[in-house]
Amino acid sequence: MNDDSRLAAARRLDAEDPLAPYRRLFEGHDDDAITAYLDGNSLGRPLSATLGRLTAFVRDQWGGRLIRGWDEDWLQLPQRVGDRIGRIALGAGPGQCVVADSTSVLLYKVIRAALALRPERSEIVIERDNFPTDRFIVEGIAADRGLSVRWVEADHDAGPTPEGVSRVLSRDTAVVVLSHVAYRSAHIADMEAITRQVHDAGALIVWDLSHSVGSVPVHLDACGADFAVGCSYKYLNGGPGAPAWAYVAQRHLTDLSQPIQGWLGSADPFGMGADYQPAEGIRRMVSGTPPILGMLALQDMLDVLEDAGMDAVRAKSVRLTSFAVDTVEELMGSFGVTIASPRDPDQRGSHITIDHPEFRTMLSDLWNDGVIPDFRNPDGLRLGLSPLSTSFEETFIGIRAIAEKLRANLPD
């Protein structure tokens, strides 16, 4: 098949795509300077509706209500938005999710909270190839608490499996920290089976859902998960530095003790009491002032996700990544490019990673040409395909540009 035929095929897939109209809701979708945005798994495009929401908030809420806004609405926003994230994207009932802090801070909080529920145990389990923040936080907590870290090993094009996790669980395991979708390979872990294994070992599990939420349906309550965290600037399109969210299963909330005891997580913040008493329910995970501005764009994306439906979003993701895999193999297979992501779409999130030694030197030229993937060590380009804002044609154009740049970089 030649390039004209491939481009025509991509356009047919767009014409048949029931979610194609959503693409027009995003700013920059028709920007001629960016021919292929393949990094929605790092930073999602903004919705056009967010321009109006931000302007209205500054004028009517911040400017119009001033400090009265806290009592009238803003203090309740972290739990209200948290409940929407839980209902729309996480399979979580009300009262278990809250928006607060960054992913790093919330990871620290929930891991420490989980450890406090297993004080007699001395080990934390995490996969070797988890995102650096997750590993660094676990190692820091272990050093601070005098605990041991045990590592789940996985191939770089895969992720944690029930078999791999079972090999490192022991009677001393307190907490297991895993990513549901691997940040490099996009491998989807078997959440239900692994959670069951961890519980059978008497331990608790923390799931990092940063690459899942908004792209892969998750069922935290049904799987019996204990804790979860995730960011909101990828597939939830909350914008740069948008706040993260945390999930705590209802059964743990009564005994939950988190390590950053801020005044807004206390039972009576405005009582200004001498002693800290935690709030009832999920609000005890809050520490400081809620990031109100950071939740504005997130609310717009939740509206869109609710309208589209997570099952439809996942179906589009599978079609997009499968199309990308086929196109990479056709255009770059002969150049020695390998696909470092699961071939089975049921085991793959909404991005793929492709490996070649030349990719390390190509990224800046691709960006200058308006083709925007990202790079992950040791030699991978990561192609993030956000189902509601990425088209099949855009995906093809981006992969074709990478192939042409690679061909030009290779010796004759």
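Remember, predicted model here, so these are calculated numbers, not experimental data. Side chains included, hydrogens not; waters and symmetry mates left out as well; all remaining heavy atoms used.
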Heavy-atom check, side chain of [X] versus side chain of [Y], under 4.5 Å:
X	Y	answer
I141	Y108	yes
D374	H351	no
I126	L178	no
M191	L220	yes
T173	V198	no
V206	D134	no
M301	L388	yes
Y235	N41	yes

For the residue pair [X] and [Y], what are the closest heavy atoms and their distance?
X	Y	answer
E123	S170	OE1-OG, 2.9 Å
S391	D14	CB-OD1, 3.5 Å
R251	A225	NH2-O, 3.2 Å
V165	P160	CG2-CB, 4.4 Å
R112	D144	NH1-OD2, 3.8 Å
V110	A246	CG1-CB, 4.3 Å

Validation: residues 49-66 side-chain donor-acceptor distances under 3.5 Å, sequence neighbours left out:
from: T50; atom 1: OG1; to: D300; atom 2: OD2; distance (Å): 2.8
from: R53; atom 1: NE; to: L296; atom 2: O; distance (Å): 3.4
from: R53; atom 1: NE; to: D300; atom 2: OD1; distance (Å): 2.8
from: R53; atom 1: NE; to: D300; atom 2: OD2; distance (Å): 3.3
from: R53; atom 1: NH2; to: D300; atom 2: OD1; distance (Å): 3.1
from: T55; atom 1: OG1; to: L51; atom 2: O; distance (Å): 3.0
from: R65; atom 1: NE; to: E72; atom 2: OE1; distance (Å): 3.0
from: R65; atom 1: NE; to: E72; atom 2: OE2; distance (Å): 3.3
from: R65; atom 1: NH2; to: E72; atom 2: OE2; distance (Å): 2.6

Under 3.5 Å: donor-acceptor pair, side chain of [X], backbone of [Y]:
X	Y	result
D208	S210	yes
D73	G69	no
D31	A33	yes
W367	P373	yes
S232	P243	yes
W70	L75	no
Q79	I282	no
N237	P46	no
T35	G370	yes
D155	A158	no

Indicate yes or no: does R343 engage E329 in a salt bridge with an N to O separation below 4.0 Å.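 So R343 pairs with E329 through a salt bridge.
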Under-4.0 Å salt bridge between R135 and D129: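 Here R135 does not pair with D129 in a salt bridge, since their nearest N and O are not under 4.0 Å apart.
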Which value, rounded to the nearest 0.5 Å, describes the distance between [X] atom [atom1] and [Y] atom [atom2]?
X	Y	atom1	atom2	result
S104	F131	OG	CZ	8.0 Å
L19	T390	CG	OG1	11.5 Å
D226	T195	CG	OG1	7.5 Å
T395	L383	OG1	CG	8.5 Å
I188	S341	CD1	OG	11.0 Å
L90	Q96	CG	CD	10.0 Å

Report the residue from K234, H211, R382 that forms a side-chain hydrogen bond (donor to acceptor under 3.5 Å, both in side chains) with S42.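 Looking at K234, H211, R382, the match for S42 under the side-chain hydrogen bond (donor to acceptor under 3.5 Å, both in side chains) is R382.
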Under the criterion side-chain hydrogen bond (donor to acceptor under 3.5 Å, both in side chains), which of S215, S386, S317 is the partner of S350?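 Answer after filtering S215, S386, S317: S317.
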Could you check W245 against V81 for side-chain contact (heavy atoms from CB on, under 4.5 Å), going step by step and ending with a plain yes or no? CA-CA 9 Å; W245 52 267; V81 176; over 6 Å; no
For R128, I'd like to know if atom CZ has over 12 heavy atoms of other residues, nucleotides or ligands within 6.0 Å.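 Atom CZ in R128 is crowded, with more than 12 foreign heavy atoms closer than 6.0 Å.
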Evaluate side-chain contact (heavy atoms from CB on, under 4.5 Å) for R319 paired with L13, printing each intermediate quantity in order. CA-CA 9 Å; R319 292 194 299 272; L13 288 170; 5.8 Å; no
Could you name each residue pair satisfying salt bridge (charged side-chain N to carboxylate O under 4.0 Å, His left out) that touches [range], not counting sequence neighbours?
range	value
residues 19-30	R23-E394
residues 347-366	R184-D355
residues 85-102	R87-E306, D101-K109
residues 273-292	none

side-chain contact (heavy atoms from CB on, under 4.5 Å) partner of K405, chosen from L363, T361, L366: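 Going through the options one by one, the only one that passes is L366.
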Hey, which of V248, L253, V99 is the one that makes side-chain contact (heavy atoms from CB on, under 4.5 Å) with M285?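 It is V248; the other options fail the test.
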Passes side-chain contact (heavy atoms from CB on, under 4.5 Å), L117 versus F227? Steps please. CA-CA 12 Å; L117 294 173; F227 300 89; 4.0 Å; yes
Criterion side-chain contact (heavy atoms from CB on, under 4.5 Å) on H356 and D379, from CA distance to verdict: CA-CA 6 Å; H356 193 281; D379 53 13; over 6 Å; no
Which pairs pass ring-ring contact (aromatic ring centres under 6.0 Å, His included) with one or both residues in residues 16-51, sequence neighbours excluded?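 Every candidate ring-ring contact (aromatic ring centres under 6.0 Å, His included) pair involving residues 16-51 fails, so no pair, neighbours aside, qualifies.
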